[in-house]
Amino acid sequence: MTTKRFFVGFLLVSLVLAGIVSYYASSDPDGLEKVAADKGISAKEKDHSFKDSPLGDYGVKGVGDARLSGGLSGVIGVGVVLLVGGGLFWGVRRRGSAGADTATEQDEKVPSETSRKG
């Protein structure tokens, strides 16, 4: 399997999970939320500052269908993560290859041990 095929497959699986399968996830609270509710900690809970953002509360603002809204939100999230992660990876890789070129040039300038002894 080539690297390109692997990444295309990974992208397709990620989009299917985020866009379709995520709708079937449980709406019940997770363990942390349940313990917070049982112990009264959630009584002090406040709305987060991004509640009214375009992707607030796991949906796309302005889309009335809950299934479509959640799926679009997941697909947009996958896209943003891939863009940011890919951009960081690309930047680090370019920086690393520039450092390797500099190291090679410096190695060429420093005489080797065998040439110093001879």
Side-chain angles (χ1 to χ4, degrees):
M1 176 184 284
T2 65
T3 303
K4 187 174 183 179
R5 277 188 158 177
F6 172 79
F7 283 117
V8 168
F10 181 80
L11 176 63
L12 288 175
V13 169
S14 298
L15 290 174
V16 166
L17 288 174
I20 298 171
V21 177
S22 64
Y23 178 75
Y24 299 102
S26 175
S27 61
D28 293 334
D30 63 14
L32 182 61
E33 290 174 337
K34 181 164 178 17
V35 170
D38 291 349
K39 299 293 182 181
I41 298 170
S42 62
K44 300 175 187 173
E45 185 177 291
K46 299 178 188 174
D47 283 336
H48 55 84
S49 59
F50 294 111
K51 179 183 94 171
D52 296 325
S53 71
L55 296 175
D57 290 332
Y58 303 105
V60 177
K61 191 177 234 176
V63 177
D65 183 17
R67 178 177 288 195
L68 180 61
S69 178
L72 282 174
S73 178
V75 169
I76 291 169
V78 167
V80 168
V81 168
L82 287 175
L83 286 173
V84 171
L88 288 171
F89 180 78
W90 180 76
V92 168
R93 192 175 106 189
R94 288 205 36 138
R95 184 175 178 198
S97 66
D101 292 343
T102 305
T104 304
E105 290 172 9
Q106 288 176 353
D107 289 343
E108 290 173 359
K109 291 178 184 176
V110 176
S112 66
E113 235 177 273
T114 56
S115 65
R116 280 190 245 159
K117 292 181 181 177

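Side-chain atoms are counted along with the backbone in the values below, which use heavy atoms only and exclude waters and symmetry mates.
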Q | Co-members of the apolar cluster containing Leu88 [side chain, <4.5 Å] | A | Leu55, Val60, Val63, Leu68, Leu72, Ile76, Val80, Val84

**Q.** Nonpolar side-chain network containing Phe6, other nodes, edges under 4.5 Å
**A.** Met1, Phe7

Q) So, does Thr2 use its side chain to make a donor-acceptor pair with the main chain of Arg5 at under 3.5 Å? A) yes

Q: Please name the residue in the list Val81, Leu82, Val75 that meets the side-chain contact (heavy atoms from CB on, under 4.5 Å) test with Val78.
A: Leu82

Q: Output the distance between atom NZ (Lys61) and atom OG (Ser73), rounded to the nearest 0.5 Å.
A: 13.0 Å

Q.
Apply side-chain contact (heavy atoms from CB on, under 4.5 Å) to residues Val8 and Leu12 and explain how you reach the verdict.
A. CA-CA 6 Å; Val8 168; Leu12 288 175; 4.2 Å; yes

Q. Which atom pair, heavy atoms only, marks the closest approach of Gly70 to Ser22?
A. O-OG, 4.4 Å

